[in-house]
Structure formats: structure tokens, C-alpha cells
Amino acid sequence: TSAAEEVRIAVAANFRATLDEIVTRFEQDTGHTVVVSSGSSGKLYAQIRNGAPFDVFFSADVTRPKLLEEEGFAVPGSRFTYAVGRLTLWHPGPAVIEGNEQSILLRSDVRHVAIANPKTAPYGAAAKEALQALGLWEQVQDRLVRGENIGQTFHFVFSQNAQLGFVALSQVLGPKVNGSGSRWDVPVHLYAPIRQQAVLLRSGQRQEVARAFLDYVKDVRSRNVIERFGYGLE
Amino acid sequence: MKRLDARFSIDYPGFHFDVAFTVPLEGTTAVFGSSGSGKTTLLRCIAGLIRVPSGFLQFDQAVWQDDAQGIFLPVEQRRVGVVFQEARLFPHLTVTQNLKYGMKRSNPSLRRIDFAHVSELLELESLFERRVSNLSGGEQQRVAIGRALLASPQLLLMDEPLAFLDQQRKKEILPFIQRLNRELRIPVLYVSHDLQEILPLANHVVLLKEGKVAATGSIQEVFSRLDLPGLVESNVVGAILETRIMEHEPQFGLTRVEFLGQSLFLPQQALPPGAPLRVQILSRDVSLVVGGPPATSSALNTLEATIVEVRNSPGDQYAVEVKLDVGCPLLAMITRKSFYQLRLRPGQKVHASFKAVALS
Amino acid sequence: MKRLDARFSIDYPGFHFDVAFTVPLEGTTAVFGSSGSGKTTLLRCIAGLIRVPSGFLQFDQAVWQDDAQGIFLPVEQRRVGVVFQEARLFPHLTVTQNLKYGMKRSNPSLRRIDFAHVSELLELESLFERRVSNLSGGEQQRVAIGRALLASPQLLLMDEPLAFLDQQRKKEILPFIQRLNRELRIPVLYVSHDLQEILPLANHVVLLKEGKVAATGSIQEVFSRLDLPGLVESNVVGAILETRIMEHEPQFGLTRVEFLGQSLFLPQQALPPGAPLRVQILSRDVSLVVGGPPATSSALNTLEATIVEVRNSPGDQYAVEVKLDVGCPLLAMITRKSFYQLRLRPGQKVHASFKAVALS
Amino acid sequence: MTVPDMDWSPLWLTMQLAGVTVIVLLLVGTPIAWWLAFTRSRFRTLVEAVVALPIVLPPTVLGFYLLTALGPHGLIGGAWKDLTGSALSFTFSGLVIASAFYSLPFVVQPLHGAFEAVGKKPLEAAWSLGASKLDAFFTVASPMAVRGYLSAVVLGFAHTLGEFGVVLMVGGNIPGVTKVLSIAIYDHVEVLEYTQAHFLSAVLLIFSFLVLTIVYTANRRLPIHVS
Amino acid sequence: MTVPDMDWSPLWLTMQLAGVTVIVLLLVGTPIAWWLAFTRSRFRTLVEAVVALPIVLPPTVLGFYLLTALGPHGLIGGAWKDLTGSALSFTFSGLVIASAFYSLPFVVQPLHGAFEAVGKKPLEAAWSLGASKLDAFFTVASPMAVRGYLSAVVLGFAHTLGEFGVVLMVGGNIPGVTKVLSIAIYDHVEVLEYTQAHFLSAVLLIFSFLVLTIVYTANRRLPIHVS
Ligand SMILES: Nc1ncnc2c1ncn2[C@@H]1O[C@H](COP(=O)(O)OP(=O)(O)OP(=O)(O)O)[C@@H](O)[C@H]1O
Ligand SMILES: Nc1ncnc2c1ncn2[C@@H]1O[C@H](COP(=O)(O)OP(=O)(O)OP(=O)(O)O)[C@@H](O)[C@H]1O
Ligand SMILES: [Mg+2]
Ligand SMILES: [Mg+2]
């Protein structure tokens, strides 16, 4: 391809670790440089609308890429689902969560259950949905603590301030935790799929490379990485 | 008699302070010494505002500081009223609030000084509601004096309290301080440069020079010493006589007092016959006359005197100081010319005359 | 002659300040008045530190303030040296830095006051490297005086600059200020309560009372007025005589001066024959003798005098003030008793005698 | 704009948190500032530096550490749990501690400056008039340091109002317990509810403006002024 | 713990940002504080309140508004773009403006207090000695207000170091341009890279501690001390 160029990518924080691995490979394969900025999807959205110099936006949801497309900030037709988040109920210690998920949420020694804020974070919305489907939403109300995003929610559990938490499977399978602790992967039928979409931005100056990167993400090798980090795919 | 016993020594860079003295706890003790001689430092030590490593201070029976025994009574328990050299009023309080600050904190049973009286004497009424920030220099000093007095201290430390006040006001305030001494038995340590201010007031003197005590004793002793050249203008003071009131001559506005069996006349005093009265004579107000009592003169008082000692004035190279004995020491300062014309010599009998207005 | 022309009025709550006067810009003008009479306020107006709504101030030809025309020269351009009542040294600078602060900012061609000289006179050398925060009260005042002088001002405003200094130091500093007047022609406005401080110094007096000018004029005029009871102790001053030196009598340590054709003797002076000399007499140092010159007395000087006016002393109810004419006004203060014994009456010829040491 | 249908409890909670935090800060900050102003100890500079340190960490990160410390296995939280039976994280008390920790320098610094400006002289005068050290502190030093207290209260209060990362982390955003106004506004911005965010921001600004104006006007009537 | 393989550019950028911001703040804050200390204007309390207002908003929210204002269509950004050709958002200059705006009260308040404590008297003395208003400010008022400047610098510097929401929002977390240390730490925490986060926090703390200790020790040698 053409000479080495730089491409700037804005990514939702939960996908950051996964993307880093893909980026490393992409850089090795193409010689281009990728500069990654991460943050909450809401912030990144506001920044893009205000002229942030990003070429590609990996959101944690569908809403914002769609809005950007409608508002003319994104290239129509470039939007696609790059990963589907999976929700898991997790505890950092072994052998705590075993099978009977419902009773553990209500056990008296479970003082706090962490979820992401259902209003602001897709994983939070999914956790709420799942709890409602299980008929537990009302009963766990007074034990819920809300992380502003899924990262914070994970800290609540990881630091054992909350005994249980609905976190992203990708966090548990990631390099930090490596699948340790005990968990119950929430069945996908209990919540609407957490589709994370990416979109090519209009303001981007380096559309060629950006497109190449998006294609790279769609490539099977990248899809393997994404799956390995605990995401589903469409 | 009650005494204040003090020993302090501090080493400041360039100033070594090392004093030890005892003064009676009665009346006023003047602290004298030129600028930078350690007067303020001494007052601060006594108040307990500086704690020197190895100091000792005993107030009557109470040991306030004894570093050998690890005793140090904190300032606020010493009941010393301090009038600082800079007034140090509280800027966030009104004049009244400043005045009452110490009063409120004093033991009611020990309050012996009347608020109304102090305010009137110091002419503070018109200032009561004022903030202190824009008081004039003298107004600040008056408030500071009032504030210290109203705390009913058992010892008053005054650091040039009247420096910014006019003669008229000084004449009103000084007798009041004197009365505090006499009637309420509140001893005062009084720093001043002004001899006229201190003479009617002081019973004792502590004379500081470069951080050391150069002389201490009763005011008569210290001021009749001829060996303190340049330290104080001791040669200004002729004598300080302790007299007793005999009778009043209202038609002339005079009071006759008795001094060692002899009569002296002064302007009429408000005190009753029999009362003690201190009389001062300035050495330059003394005239010497040889050969019989002088002709009718407006200098009313004449005492027979014997010349004790004669020497050149250390302060004025054309004057001669004559130490006389009139029953107590009396210094006269006369010009050399008179000295030669009158052919004065030790042992000679002369008449010393001085005007009644020269007594205060 | 150069003049300072001032008109200010301010309304503070409880204090109405309203002055208008003209004084010659030469020598020292004493600003007198009791505590709270507006002396500091006046100095601040002249320095330009308060801007009163409708003021006027002319310094020689230069209008410094004229609110009718919207003129107001800022402080820093007036070249006034101010010695504040509180020393106001800069706490972040050493003594030397304080002293040089104004000097560095003065126009080098206008600098006429020598750093070394000022430091020596004010005994500042040992303080040079000191921080000002723990200087004694008098040390601070000396530094403040030095600092103002070294800025080479064209007008000096001094607000009780020597209040914390001892007699000895005053005697050294005052003549220096006098020389600034005479030799460098720097006029001084000098606030003081101390008559002894101001008399050798002042040529003119502005007398303030409750914010108004009660009297202004030459010092002789103001102090021989008998109608200013209680305002100043004018009755203390007998006379201020402008004399001329005739000859020295070194064997007696005396100098003979001529006053209106008559001879007076004073302690020997350092000035050459022919030089003018100011001589002061205190009213209470004057003795009156009826019938011929008095017998040999140590009071050396005798002048023939005519009694002009007699009245009770406003300050002392048992004294009588006698205004005499000895070629110029001379006030004598004597006791009532003497007054009756000597049967004094206006028009009578008497001899006024006063001691040479009483002259300064 | 119509007033959005909203929950006022975060506002109330925010006021409580800011109020309690400021009180705690004054209680803790005053002795520290006093000590810093008057000590001659060699450790003064050290303590000064340590007090200022918390604010150099990003709030979320500080919150992260505080969360660990205040949690059931943490240094502080553990001890607290032994005492009271529950940990400090996700409680109002925990929020107060965290906020106080984070805003401490904003209170200590102005007080320190003010006490130093007051100096020893007025205190000496007060002592000599029979005031005990404590009495003199309350009746002389504090009122003379009023400008420092004003700064301390304003900075401490405002910073607690706006502080967000720490509170979010330690508080767990529990409605009615730890969900303060700043989080509510943040939430609205995150989910693109700009109208509500503007409205709440306006509420916070106007409220704060009123509080500040009242505080400053009250101060103008206080005695200590520039001449 | 081995030193994680890390990128030092955020540290350098952070120092630059904090340094430049403090300088800007002193330049802007000094006249405001001076005016507040000495004015008799009726608007004083108003201005005082307005200066303190920014900090009551959550940083992210304030950042959001600043982003809008500094963006290419914003009030400030638009004007800037007309002048220079590019907007302010996502640039270093934009970060400085945003940080300065957010930290202004931390600089103005201590200076205000310090100037008030200095008062007019020493200034009058300086003027009478021939110092112009500006001269007297630099040679008398500022050195006497050194304690206030110290607080201002420490609070301004530390707060800019730790400030995060505003910088994240306005800066966009662009490595090498606007990715400061606080954001880097935050990023590490977000992706659970605790080791790196601890390490960077330690770097930031130690560095700040050194800076603060040097500043405070330097101050001890300065002339203005409590007697
Ligand atoms: N800013 C002000 N506001 C209100 N009153 C004031 C102000 N400044 C001075 N005064 C009052 O004006 C009067 C005159 O004050 P000023 O300082 O001029 O007196 P002064 O003659 O210098 O007295 P002192 O000899 O005691 O220093 C005093 O009663 C003082 O309280
Ligand atoms: N804390 C200190 N550190 C260093 N030197 C000091 C300190 N306090 C006082 N001094 C010095 O000690 C000497 C005595 O000071 P002090 O204030 O006692 O003098 P003073 O007799 O009261 O003089 P004044 O009449 O001028 O007020 C002065 O030279 C002063 O500078
Ligand atoms: Mg002293
Ligand atoms: Mg005055």
C-alpha cells in the first residue's frame, strides 16, 4: 500500500485492551501508525461533534454511531458491529458462584452487588434487563451499587467492596484476571445483545488508512482476537 | 516587703541580654536605658512572652519561672497588664470591645478598676463605637492603657505608653497611674525616655545599658549618683524630697510642707495636712547665694546648705555640678562663671534657693 | 519667599477636618495639637496619601492638588519624605535595603544626603544586615528617618519621629534635621508633642485643634500669645530671642551674645562671633526682682523689663503669668505669693533675671 | 424550556455532603494550619507537602485508592468495620471522608496563610489580658483570620460540590445515599440528555452563586477590611 | 516490581501543561486578586462569586461546556479560528485555557487574602519613597504576599496535575498532544492495568512531593516569617 501514515482512533474504554492487540498487529502488517484515544462513548461522541481529530470511532453502543451518521459526522454506510458484549456475574474468589445464581444474589452476606449505571452504560442496561427477566430487580435494589462505566463496576468487585458484580466477560477473560474467580455467564437470551458499533468519521483526514484499518478489524484474524477477549460476534 | 526577683539571659545575634535584679513590688519602677538597651526584652521576659532557657522570676512568694525546676507560669495566668510599645489593639473589635476584653476574663472579685472612671480619665467615651483601625496614634495608646488597666492586673508593664500623647493628657494620666500604685497597690514597671514623665512617678529605677543592669535602686539613690555620666541625664535632677504637708495658704494658693524641720512652699495641693508629698527640684533651678539669705526674690524657698562635692558636669563642659547637703543630697548645676565669681569650695555654707513653681 | 499653600476638608464620622493655611517653605514648621486633632491627617493630605474631594495644595510654584481643575499629583511624584508615626519598615528587606529603597529611586543628580553620614548619625551601622522584624521601637524609628532622608525629598513630613528615642539621641538627631533645613534647604513639617524637641527647631507653627487651625505663624508670635489657653503649653516658653554671637570667654566656658544692644551669657557655643543664634528662655526660669539689680547670684543674666500685662495662669491656678517687655515679649511665670509680696503692677519697671544654663 | 421532570434528592444530598465535608475540613484543617503557621519543627515542609499531595492524583485514581482503603479489607475501612460492623465504601460517611481527604489542601492553605498573617503579636496581647490559648484562638486569631476562613469555606465547599471522580468511585452512585448532583449532571451529559444537564448545571450554578454572594456580602460587613 | 515498559511523554506533557497553566494563572489571577483586595466597587462580591463559580461544576460537565466554547463553532474557539485558522479544542493551547479557567479560584483566593493582609500601609510608604504603583507592587506587595503566591502556585500546579475531567474532555486524550499523566493513569486503571497505574501514580506522587518540598524549603529561606 501507500507510505506509512498515522490514523487516529477513538475507542470506548471497555474495548481498549482488545483493540490494542489488533492495532499492534495492524502496525506490524502495514507499517502505519495508529494513535488510540480511549474514553467513555458519551464523551467521545461529544468530542467528535466538536471537531475532535479522530478518523474512526469504536463506540460501546449502537446509538451514538447511528446519531453521528444521521448528523452527518460519519460516512454513511461505514457503520458495522465489531463486537457483541457478553455479561457475566463475577466474584474474584473461587467457588463462590456455583449454579444457583438466584439465591446467591439474595444471600445475606452479599451486601453490595455492582452493576454499571443502566442509564449510561450498555452493560448496565443489559444487567438490569437480565435481573428483570429473573424477577430479581426489585429485590436487589437496595444492594445495587452503580459504576459509572463497566470499568468502574469491575473495580467495585475486584476490590471486594462489592461481593458480586455484573461485569463484562471480556474483563474477566482479559490478561489481568485470566478467567480466575468464579462466575456465571448470564444467558444471552436474558438481555438484548450489547452490540458495539464502529463508524468511519467524515472529519478524518486519512480515510484511506482508516478504511484499511476497519477492513483489518473485519478480518478473520482480528475476529479471533475479539472472540478470545470474551466478545461475541455477529 | 514584697519583691520582684528577676534573672534572665538571652543571646540574640549581636545583642547579649543578661540581667539580674530585685525591686520592691510597690509603687512604680522606672526602666530606663537608651534605644536598644533591652527594655522591651525585659518586659517581655517578665510577662512570660519570651521563655529564656535559664531564667528565674519570682513575684512576691510566687515563682513564675525557674528553669532549674522546670517551672514556667504561662502568660495568661500571671495577671500582668501589658501596654505594648505598639498599641496592639484587636482590629476586629470596637474600642469598647477592646477595653472589655481583659475585663471580662478577670475574676470579678478582683476587679477594682472602674470602667466609667477609666474611660473618662482617658477620654475614651467618644471613641467607644469606633473600629480601632483608623484611630490616631495617641487614641490607640489611650485605648491600650485602658484595656490593660481594666484587666485588673496584679502587675502593670508599660512600654512607653504615653509616647504619642501631649503634655496635657500626660498630666492627666500620670497621676492616675500613681493612684493605682498607692490606692490599689498595683506595682508598675514603666519604660520611658521622658524624665519629666518618670520623676513624679517612680520610686525605683532599673537602668539598663546594652543588655546589662547598669544601676538599680531607689530613685533618690540612682539620681544622686554622679558616676553615671551620659546614661541618664541624672544631672537634671537636683533632688527628690519626701515631704509632709503642714498647712495651706489659700489666699496665696500655696501649701507649706515640712522637710526635715524646715518649711518649703509649693503651689496649693489637694491633699490634707499630714499627707506625704514628693517634691522635686531640678538641679538647674537651684541658685546659690553666698552670704546671708538672698534679697526678696520670686524664688520663694531657701535652704541652708553645705557644699559636699564639686565636679565638672559630664554632660555640659561649661557647667559645674555642685553636690550639696541640705539634710539630703541636692545637686545644683551652675555655670563655671558663677562658680568662680562665688568662689565656691567644699565645706562652704551657702544658701540654696529655688522657686516654688519649680516643684511639682 | 517660597510657600506651601494648603486647603483641605474631610468629613469623618465624628471628626470634621477643615484646614487652610500658608507656611513659608523654609526651616521647620511644627505641627502641634493634642491627640486626635488631625496632625497625621494633615500630613497624609499633603503627602497625597488621602485625596480629599475638594482640596488645594501648592508647593512653591507647583500645584500638587487642585480639585477645581482636576489636578492631583500622585504621591510618588511629589518627592516628599514621610516618616510615619508607626515606622512602616518593609519587613521583607534588611535594614540596608530599607534605607536604600528610596535612594535608589531618587534622581542621582538630586541626591544630596550621604549614606555613610546618615548611618553614622543615626547609629545604624550595627543594624545594617538585620531583618527589621525584631528591631526595637527606637531602632525602627531611626531606620525610618534614615530611609526618608536618603530618598532626597524636597519636603520632609515627620510624624513624631523621635517618640521612642532617648534624650541623648534626640540631641544628636535634632541638630542634623536643623542642618538639613539650613544647608540643603529641605523644609520640614514636624509633628511632635514635645516642646523641648520642637523649640530649637521650629520657625513656624501650625496649631491644630479638633481638626481646625487654631493658630499659625512664626514661633515667636504663636508662643507669646496669651490667648491660647490649654492648647499648647505656651506659658512654658518665656521668650525665643534671635541673638548674635559677640565673643567667647573660654576661661569661663561662656559665650556672650548681643540682644538688642544688651549682653547675655550662655554656655560656650561652637559658632564664630557674628553668627546668629537662637536663645530660648523658659517662663518659669525667669525671676523678677524689684528695686535695683539683684545681689550676686548664679543667675547670670539680668535685663531691665517693663511689666506689660498680668493674668492668672490658665494652666496653674496658683501661678501668675507676667508679660514683660525687654525689647521683645518675655513671659514670666511666678507664684501668686511672690506676685503679692513684690506688689507687681503693669507699667512697673523690674529686673528680670534668668540663668545662662536656662538658654539652649 | 420546561422544567424537566426531575429528582431533587441529589441536590439535597450534595448540599449535605458539601456542608458536612466543609465542617469536617475546618475541624481537621484548622489545627494542621495552625501548627504549620507557628511551628519551628523541621518537619514542617514535609507536612506541608504531604497535605498538598492528594490533589495531584486524578480524582478517579485517588478514588480508586480510597475505595481500596475504605473497603472492608482496607486499612481504614477494615478498622471501621471492626468498630461499627460495616465498611465505609458506598456510605455517606465514606463519601465525607473521601471528599475531606481530597479537599484538605484547599482548606489548609488559606488558613495557613491567614494565621501567618495574623502572627503572634495580637495573640500575645490576648494572653496578657488573661485569655487562655484556646480562648485567644477563638476570640482573636480566628476572627482576624476571617478572610482565610472565607477562602477555605468557599474553596472547600465549591470543590466538594464539583468533585466527582472520587465521589463516584467511593460512593457507588446509590440514589439517596451517595448519588450527588455532579453525578446526576454527568449522567445526563453521558446519555445526551443535554436539556436536563443544562438545567441541572444552571440549578447548581445559580444556587452556588447565591451561596457565594451571600457569604461574600456577609464578609463585607465583617470588621476586617483593608483601610 | 519491574518498571513497566512505558511512554514518558505524558509526564513531560503534564509538566508543560501545569507549568504553563500556573504562569497564565498568575498573570491573570494577580490583577483580579489585586482588584478584589483593594476595590471599593459594589461589584466586588459579584466578581468574587463569579471567579469561584467554575469549580462547582463537575469537571466533565465544565469540560463539556468548554469544549463547546472552544470548538470551531464556539464563542472562543470560533474567534480563535478566524484569527489563527484552527480551533482551540484538542490543542495544547486549548488545554491551557481550560485548565486555567478551572483552576482560577485556587490562585485568586490565596492571592486575594495575601494582598488584603499586606494592606495599604507598606504601599503608601513605598510610594512616598518614589516608587511608582507598579514598582511598589513588585518590590513591596508581591514579596510581602509571598505566602499567598506560594499557596497559589502549589494549589494551581497540583490541581492542574490532578485535574482530569476538563482536560480529558477538551483535550481528547491524544497521545503526545493532550494525553497528560492523569489521563494515562486513568486509562491504565480503566483497562485494569493496575501495575502500570500504580507505577505512574507513584511517579506523579514522588515527583510532586519533590517539587512541593523544594518549593516549601525555598520559602523557609525567604524573609517573611512568623516572628
Ligand atoms: N479613616 C478615618 N475614618 C474615621 N476617622 C478617622 C480616620 N482617620 C482619622 N480619623 C479620626 O480623625 C481624628 C484625627 O486623626 P489624626 O490621626 O489626624 O490625629 P493626630 O492629630 O495625628 O493624633 P495623634 O497625635 O494621636 O496621632 C482622630 O479622631 C481619628 O480617630
Ligand atoms: N528576636 C530578636 N532577635 C534578634 N535581636 C533582637 C530580638 N529582639 C530584640 N532584639 C535586639 O535586642 C536589642 C534590645 O531590644 P529591645 O526591644 O529590648 O530594646 P529597647 O530597650 O526596648 O529599645 P527601644 O527603646 O528602642 O524600644 C535591640 O538591639 C534589638 O534589635
Ligand atoms: Mg522597646
Ligand atoms: Mg497622629
Side-chain angles (χ1 to χ4, degrees), chain D residues 37-38 44-46 48-50 52-62 64-65 105-106 109-110 112-117 119-121 147-148 150-151 154-155 157-159 161-165 181-183 185-186 189 197 201 204-205 208-209 212-213 216-217 219-220 224-227, chain E residues 37-38 44-46 48-50 52-62 64-65 105-106 109-110 112-117 119-121 147-148 150-151 154-155 157-159 161-165 182-183 185-186 189 197 201 204-205 208-209 212-213 215-217 219-220 224-227:
Chain D
F38 293 108
R44 197 191 75 173
T45 56
L46 225 82
E48 267 187 298
V50 166
L53 269 192
I55 51 170
V56 308
L57 282 183
T60 328
V61 176
L62 182 69
F64 173 68
Y65 290 119
F106 300 116
Q109 292 267 0
H112 179 179
F115 289 146
E116 244 180 46
K120 276 243 176 108
K121 295 188 171 186
R147 169 93 242 148
L150 191 71
S151 284
V154 166
L155 291 182
F157 191 84
H159 193 245
L161 285 191
E163 181 198 73
F164 164 74
L181 201 57
S182 52
I183 299 183
I185 302 178
Y186 174 77
V189 171
S201 299
L204 192 59
L205 283 177
S208 312
F209 182 78
L212 290 175
T213 312
Y216 286 128
T217 310
N219 170 54
R220 276 204 119 172
I224 309 281
H225 275 129
V226 182
S227 58
Chain E
F38 292 109
R44 198 190 76 172
T45 56
L46 225 82
E48 267 187 298
V50 166
L53 268 193
I55 52 172
V56 308
L57 282 184
T60 329
V61 176
L62 181 68
F64 174 71
Y65 289 121
F106 300 115
Q109 293 265 2
H112 179 179
F115 289 146
E116 242 178 49
K120 275 242 175 110
K121 293 188 172 186
R147 173 88 242 150
L150 190 71
S151 284
V154 166
L155 291 182
F157 190 83
H159 193 245
L161 285 190
E163 180 200 75
F164 165 73
S182 53
I183 298 181
I185 301 176
Y186 176 75
V189 170
S201 297
L204 190 59
L205 282 178
S208 312
F209 182 77
L212 291 176
T213 312
V215 168
Y216 286 127
T217 311
N219 170 54
R220 276 205 122 173
I224 307 280
H225 275 129
V226 182
S227 59

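Note on naming: letters A, B, ... go to the chains in the order of the sequence lines (proteins, then strands), and numbering restarts at 1 for each one.
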If you count heavy-atom pairs within less than 4.5 Å of chain D, which of Leu62(E), Leu204(E), Val154(E) leads?
Leu204(E)
Side chain / backbone / both / neither for Phe209(E) at chain D, heavy atoms under 4.5 Å:
both
Contact origin within Ala114(D) toward chain E - heavy atom pairs under 4.5 Å
neither
Examine whether an atom of Phe157(D) lies under 4.5 Å from a heavy atom of chain E, and if so say whether it belongs to the side chain, the backbone or both; otherwise answer neither.
neither
Gln109(E) side, atom CD; Phe106(D) side, atom CZ - distance, nearest 0.5 Å
11.5 Å
Can you give me the closest heavy-atom contact between Ala158(E) and Ala52(D), atom names plus distance?
CB-O, 4.4 Å
Would you compute the distance between atom CD of Glu48(E) and atom CG of Leu150(D) and round it to the nearest 0.5 angstrom?
6.5 Å
Applying side chain to side chain contact (heavy atoms under 4.5 Å, CB included), run through Ser201(E) and Phe64(D) and close with a yes or a no.
CA-CA 11 Å; Ser201(E) 297; Phe64(D) 173 68; over 6 Å; no
Before you tell me yes or no, could you show the steps for Ile55(D) and Leu155(E) under side chain to side chain contact (heavy atoms under 4.5 Å, CB included), namely the whole-Å CA-CA distance, both residues' side-chain angles and the distance that decides it to 0.1 Å?
CA-CA 8 Å; Ile55(D) 51 170; Leu155(E) 291 182; 4.1 Å; yes
If you measure from CG on Leu205(D) to CG on Leu53(E), what distance do you get to the nearest 0.5 Å?
5.5 Å
Rounded to the nearest 0.5 Å, what separation is found between the CD1 atom of Ile185(E) and the CG atom of Leu57(D)?
6.0 Å
Heavy-atom pairs under 4.5 Å with chain D, option from Ile183(E), Val56(E), Thr213(E), Leu212(E) with the top count:
Val56(E)
